[in-house]
Engineer: 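Structure provided below as structure tokens; questions to follow.
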Amino acid sequence: MTGPRRGPAGGGAKVRWHRECKVPARPRLPGTPGRSDGGVSMRILSSQVAEHVGETVCVAGWLHRVRALKSVTFAVVRDRAGLVQVVAADAELVKRLGELPEETVVEVEGTATANPQAPGGVEITSPVLRELSDPALTPPFDIYRPVVTAALPTVLDNAAVTLRHPRLRAPFEISAASVSGFRGALEGLGFTEIHTPKVVSSATESGANVFKLDWFGRNAYLAQSPQFYKQTMVGVFERVFEVGPVFRAEPHDTARHLAQYTSLDAELGFVTDHRDVMAVVRDAVAGMVAAIAERAPAAVELLKVELPEVPAEIPSIHFADAQELLARETDEDPRGEPDLAPAHERWLCDWAVREHGSQFLFVTGYPMAKRPFYTHPDPERPEFSNSFDLLFRGLELVTGGQRLHRHSDYLAALAARGESPEPYAGYLAAFAHGMPPHGGFALGLERFVARMTGADNIRWTTLFPRDLHRLTP
RNA sequence: GGUCCUGUAGAGCAGUUUGGAGUGCUCGCCACCCUGUCAAGGUGGAGGUCGCGGGUUCAAGUCCCGUCAGGACCGCCA
């Protein structure tokens, strides 16, 4: 090792040699000493071994798989970048490798050797080994097999180890890329990222149930959304977004509902109506899809994710027209219903693909009766709202719309619902002090990733999901 | 909250229809074998409160009742 080298593709940043390889510092198993000059090596990643053929290298990671043959033992080490094969021939080292269970953390120093027989064409030979963890407990199923044989409850119950499986980890690589794309797209549009409280004093928004908790002896609640705060911050920054958890105490026990999930929220001022918000939704989603392709290509490849085209303008259909369409073209007649059933949403998505070649579809103008009090009505048809949902592959992914912005309209809307303005005082102050026409939206991250990866249950794309039955791990 | 389905070894499943000794499969685990593996291969072995409780029966994994757990659909849902 002669010093820092260029890293793998990705901006040309120098690799940070974050620490010394400690293999020689501990009692070593017999084997060829790593360096003739007695020095120490720095850890490199599995993906970098090929760049060091002929040199002594050090890798560290989890024992992904040990394959013992009579005269040679192969140990595959997994780190954050991937896998690398280690070849052991020394009798004592072979014996020890045979005793170590998979998932034990090890550090290996040896010679990077090109070999066409090795996976990836390179492997580490003449290794010395240091164990960095106690021998690992056997996982409930094989992490090293390409297919996941366990059912969802088993995966969730044993998340600490099962998430290491490349297929179970991949959705969270896509999740991270999605958030990055969301953030990048909105920052590019002049939005400011904010962080709002998740413990609130009032449980008054909407009829949805909230989690109640004790706050120094007072009643408090977990926030169902950053709605009030993000609107308030429009009065400060004009354009804001937030990535954070929201909590729903509703007893939904389905493959698409959670008690806690990650909401990608945005709100912007000086809009004409909800269509300006929809344009931002389009750009945000396009940024997310692009970021997945750019930042999580391995996960896309592994899961065979089909990245959707995001049209320059996502097709939209009015709620009333959607109901007419359903009544005309299906066996059901939902006209007069205040909302679309999940089956109707699925049908409309198929229709959008057929008619518009788009996997995304806006449904606009939901009835005011089903929308929260801050929803702005359609000036032409006041029974309908300036709101929208974005449907994607059969599922409601985004809800948004134009909000009321005049203080007097809020007082009237609350009065119409028989509610006192008192609990909303802090929120209403924003409007009393002058607020532009504005709107916003919220996108469910786990739902987005689930639709993107084809997961049949949102829990495959949720880290440590919280639902009716599950509070651990 | 409603309807339906499923609980059998560490994991994933057969076996339940027609009651007859925990009968079996794939993987893992343990031991041994194997000259380069790629989800290695071979031989042998260990591992079971058939979710739990009650009932029917000479006899229950199997039939009945209850209960608990998991799942699906619906309802509900900013």
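Computed from a predicted structure; not experimentally measured. All values below come from the heavy atoms of this structure, side chains included, with hydrogens, waters and symmetry mates left out. Quick note on labels: first sequence line is chain A, next is B, and so on, each numbered from 1.
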Engineer: Per the atom types in the model, does the base of B:G28 pair as donor or acceptor with the side chain of A:E102 at under 3.5 Å?
Structural biologist: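 A donor-acceptor contact between them is absent.
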Engineer: Determine the interatomic distance between C1' on B:G44 and the same-named atom on B:G61; round to the nearest Å.
Structural biologist: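 After rounding to an integer number of Å, I get 29 Å for this pair.
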Engineer: Donor-acceptor pair under 3.5 Å: do we get one between A:T154's side chain and the base of B:A11?
Structural biologist: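 No, the side chain and the base share no sub-3.5 Å donor-acceptor pair.
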Engineer: Among B:G71, B:G36, B:A39, which nucleotide has an atom closest to any side-chain atom of A:P146?
Structural biologist: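 Looking only at side-chain atoms, A:P146 lies closest to B:A39.
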Engineer: Report the nucleotide, chosen from B:G12, B:A78, B:C74, that has the shortest atom-to-atom distance to any side-chain atom of A:A151.
Structural biologist: B:G12
Engineer: If you check the A:S71 side chain, which of B:A11, B:G28, B:U35 turns out closest?
Structural biologist: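 For A:S71, the side-chain atoms sit closest to B:U35.
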Engineer: Could you check which of B:G71, B:A11, B:A78 has an atom nearest any side-chain atom of A:T149?
Structural biologist: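 Nearest to the side-chain atoms of A:T149, counting from C-beta on, is B:A11.
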Engineer: Distance between the P atoms of B:G70 and B:U8, in whole angstroms?
Structural biologist: 14 Å
Engineer: Can you tell me how far C1' in B:U18 sits from the matching atom in B:U6, rounded to whole Å?
Structural biologist: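 Comparing C1' positions in B:U18 and B:U6 gives a spacing of 22 Å.
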Engineer: Between B:A39, B:U37, B:A78, which nucleotide has the shortest distance from any of its atoms to the side chain of A:Y374?
Structural biologist: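 Of the candidates, B:A78 comes closest.
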Engineer: Please measure how far the C1' atom in B:A72 lies from the corresponding atom in B:U26, and state the result in whole Å.
Structural biologist: 26 Å
Engineer: Taking the side chain of A:D142 as heavy atoms from C-beta outward, which of B:G28, B:U37, B:C77 is closest to it?
Structural biologist: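 In terms of side-chain proximity for A:D142, the closest of B:G28, B:U37, B:C77 is B:G28.
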Engineer: Strictly below 4.0 Å, N to O, side chains only: are A:E109 and A:R130 in salt-bridge contact?
Structural biologist: no
Engineer: Nearest whole angstrom, please: distance from the P of B:G71 to the CG of A:L152.
Structural biologist: 7 Å
Engineer: A:R169 versus A:L163: any side-chain heavy-atom pair under 4.5 Å?
Structural biologist: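 They are not in side-chain contact.
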Engineer: Look at the side chain of A:R65 and the base of B:A39, then say whether one donor and one acceptor between them are separated by less than 3.5 Å.
Structural biologist: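 Flag unset: no donor-acceptor pair detected.
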Engineer: Less than 3.5 Å between a donor and an acceptor, one on the side chain of A:Q85 and one on the base of B:U37, is that the case here?
Structural biologist: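 Pair found.
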Engineer: Looking only at atom P, what distance separates B:G51 and B:U37, rounded to whole Å?
Structural biologist: 43 Å
Engineer: Which residues in residues 340-351 of chain A have at least one heavy atom lying under 4.0 Å from any atom of RNA chain B?
Structural biologist: A:P342, A:R346
Engineer: Grab the CZ-P distance between A:R256 and B:C76 for me, whole Å please.
Structural biologist: 11 Å
Engineer: With respect to the side chain of A:V72, which nucleotide from B:A78, B:A11, B:G36 is positioned closest?
Structural biologist: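 Within the option list, the nearest is B:G36.
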